[in-house]
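One structure is given below, encoded as C-alpha cells.
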There are 2 protein chains.
Amino acid sequence: MDHSGKRQAGTLGGAAGKPSASDDTRSTKGGQTAARVCKAALHLFARHGYAAVSMRQIASEVGVQPGALYNHFATKQDILKALMLEHMGALLQAWEACRGTVPEGTDLLEVFVRFHIRYHLSRSEEVFISYMELRNLEPENFAAVERLRQIYEAILTGILEDGMSQGRYRIEEPRVATRAIIAMLTGIPAWYRETGSLTAGRIETIYLDMVRGSLGAAPAFTAGESG
Amino acid sequence: MDHSGKRQAGTLGGAAGKPSASDDTRSTKGGQTAARVCKAALHLFARHGYAAVSMRQIASEVGVQPGALYNHFATKQDILKALMLEHMGALLQAWEACRGTVPEGTDLLEVFVRFHIRYHLSRSEEVFISYMELRNLEPENFAAVERLRQIYEAILTGILEDGMSQGRYRIEEPRVATRAIIAMLTGIPAWYRETGSLTAGRIETIYLDMVRGSLGAAPAFTAGESG
DNA sequence: ATTGAAAATGAATGATCGTTCATTTATTTT
DNA sequence: AAAATAAATGAACGATCATTCATTTTCAAT
C-alpha cells in the first residue's frame with residue numbers, strides 16, 4: 001500500500017494534461033497506451049473474468065511487457081475500477097444526452113426502454129463486467145459504482161412515479177417494478193445475437209410491450225418500429 | 001491429465017455405495033466430508049467467485065489440509081461442476097415435484113412464478129453461482145449445465161404457448177418472453193432481503209401481476225396471498 | 001484383534017501470480 | 001542540440017496457486 005503519487009494517467013477518454021498544440025494523431029504513440037490497456041482488459045475481463053485474467057495476459061494483448069502497465073495504472077484493481085466507473089458515467093451521460101433531444105410530452109418510458117436496450121446491446125462487454133465483477137471491487141470502489149447504479153435506477157423510478165401520478169400505470173411498488181424492468185432489459189445481451197432472426201428494433205418493440213403490460217399501461221401504440 | 005480412476009465419491013446428496021444398515025447419523029464422520037467441501041465451496045464461490053477462491057481456502061473452511069480435498073474431488077473444477085449440476089438437477093426435480101401436487105385446471109403460470117421465486121430465494125447462493133460461474137466451466141461441463149438450463153426454460157415456454165393457444169395470453173415471441181420473465185424473476189435474490197419491508201409472499205404477488213401484465217393476461221385474480 | 005480400504009497429513013512440485021525497480025529507449029520541452 | 005520527462009524493458013521479488021504423493025491415521029468389516 002504505497003501506490004501513492006507516481007504519475008499514472010489512467011482515466012483515459014480525453015487529453016488530460018496539456019496537449020495544447022496538435023490534438024489528433026498525437027505524434028506516433030503518445031499517451032494512448034492507457035486506452036489500449038483498458039480495451040484489452042475489457043475484452044479479457046468480459047471473457048474470463050477479472051480474477052482469472054493476469055496482468056501478463058493484459059500486457060501481452062497490448063503488446064508490451066507487464067511492468068509497463070504500471071506506468072498507467074497503479075494496480076490491477078485500478079483497471080477494473082476505471083472500466084466500471086467509466087461505463088457507469090458514460091451510461092448516465094448518454095441518458096442525459098438522449099433525454100435532452102426528446103420533445104416535450106413524449107412517453108419517457110418508451111424512450112428509456114429503447115435507450116436502455118440500445119445502449120446495453122452496443123456495450124455488452126462493459127455491461128457484463130459492470131455487474132459480474134462488482135464483488136471484485138474493493139469496498140470503496142464498489143460504493144462509488146453502486147452510487148452511480150442507484151442514480152440510474154432512480155431515473156426509471158421517477159418515470160414510473162410520474163406515470164402513476166397521472167394514472168397511466170398501475171404499480172404497487174415503483175422501486176420493485178424498477179428492478180424488475182431493469183433486470184428484464186439487462187438480460188437481453190446475454191442471449192441476443194445480431195446474427196439471429198430478430199432485429200434489435202423488434203426486440204425493442206417486444207420488450208416495450210411487455211414492460212408496458214407489466215405496469216398495467218394501455219397496450220400497443222408504440223411509436224417507432226413495429227413487428 | 002491423469003486424474004483417471006482414483007476413488008472420488010463426489011456426487012454427495014445420498015448414500016452412494018452400500019450404507020445398508022444404519023442410514024442416519026452415519027457413525028462419527030463417514031463420508032460426509034464431500035458434502036462439507038461442497039458447502040464450503042458454495043459459500044466461498046458465491047462470495048468471492050470461483051477463480052478467486054483457492055483450494056487452500058476451501059480446505060481451511062472444511063478444517064482439513066488441502067491435499068485431503070483430492071480424496072473427494074479430482075480437481076477444483078470438479079467441485080464447481082458438482083455444485084452447478086446438482087443445483088440444476090435439484091431445480092428441475094423440485095419443479096416436477098411441485099407440478100405433481102397441483103390440481104387439474106390450476107393456472108400453471110402462477111404456479112411456476114411462485115415456485116421460481118420461492119426456490120430461488122431459498123437457494124440464492126446456488127442460483128448466484130450457477131449463472132455467474134458459467135464461463136469458468138470447461139466446455140464439456142458448460143454444455144451439461146446449459147442443457148439443463150434449456151430444459152428449465154422450455155418448461156415456461158410450454159406454459160406460455162399453452163396459454164397462447166387458449167387465447168389467454170398475447171405473446172409475440174414465447175422464447176423471448178420466457179427469457180424476459182426468467183431474467184426478471186431471477187433478479188430478485190440480488191436485492192431482496194428478508195429483513196426488508198416486503199414479505200416473500202408479497203414479492204410473489206407483485207411479480208406475478210407484472211408477469212401476467214407483460215403477457216397481456218387478464219390482471220389480478222391471484223389465488224393465494226395478497227398485498 | 002486383525003485386516004484392508006478410505007481419509008487425512010505434511011511436505012513438496014513446478015508454475016504463475018501482482019508488483020517492483022534499475023536501466024534503457026522514446027518522446028517532448030527548452 | 002541538450003535537458004527533462006514519460007514509457008518500456010527485462011529481470012527479479014516473495015507469495016500463492018493447483019496438484020501430487022509417500023506416509024500415517026482413522027474407520028468399517030471380518
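First the proteins, then the strands, lettered A, B, ... as listed; each starts at 1. Computation of the quantities below employed the complete heavy-atom set of this structure, encompassing side-chain atoms and omitting hydrogens, waters and symmetry-equivalent molecules.
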Decide yes or no, distance alone: a donor-acceptor N/O pair under 3.5 angstrom between the base of C/dA8 and the side-chain of B/Asn71. yes
Donor on one side chain, acceptor on other, [X] and [Y], under 3.5 Å:
{"X": "A/Tyr152", "Y": "A/His116", "answer": "yes"}
{"X": "B/His43", "Y": "B/Glu61", "answer": "no"}
{"X": "A/His120", "Y": "A/Tyr192", "answer": "no"}

Please tell me which of the listed nucleotides, [options], lies nearest to the side chain of [X]?
{"X": "A/Gln65", "options": "C/dC17, D/dC17, D/dT9", "answer": "D/dT9"}
{"X": "A/Gln57", "options": "C/dC17, D/dA7, D/dT9", "answer": "C/dC17"}
{"X": "A/Thr33", "options": "C/dT19, D/dA7, C/dA7", "answer": "D/dA7"}
{"X": "B/Tyr70", "options": "C/dA8, D/dA7, D/dT20", "answer": "D/dT20"}

When you measure from the side-chain N and O atoms of [X] to the phosphate of [N], is any distance below 4.0 Å, counting only OP1 and OP2?
{"X": "B/Thr75", "N": "D/dA18", "value": "no"}
{"X": "A/His72", "N": "D/dA6", "value": "no"}
{"X": "A/Ser54", "N": "C/dC17", "value": "yes"}

Just how far, in rounded Å, is [atom2] of [N] from [atom1] of [X]?
{"X": "B/Ile79", "N": "D/dT19", "atom1": "CD1", "atom2": "P", "result": "9 Å"}
{"X": "B/Arg56", "N": "D/dT16", "atom1": "CZ", "atom2": "C1'", "result": "6 Å"}
{"X": "B/Asp78", "N": "D/dA18", "atom1": "CG", "atom2": "C1'", "result": "13 Å"}

Interatomic distance, B/Ile159 atom CD1 to B/Ile181 atom CD1 [nearest 0.5 angstrom]: 9.5 Å
Please tell me which of A/Ala52 and B/Val64 maps to the more 5' nucleotide of DNA chain C, matching each residue to the nucleotide holding its nearest heavy atom. B/Val64
Under 4.0 Å between any heavy atoms, over every strand shown, what does A/Val53 touch: base, sugar-phosphate, or nothing? Just pick one. sugar-phosphate
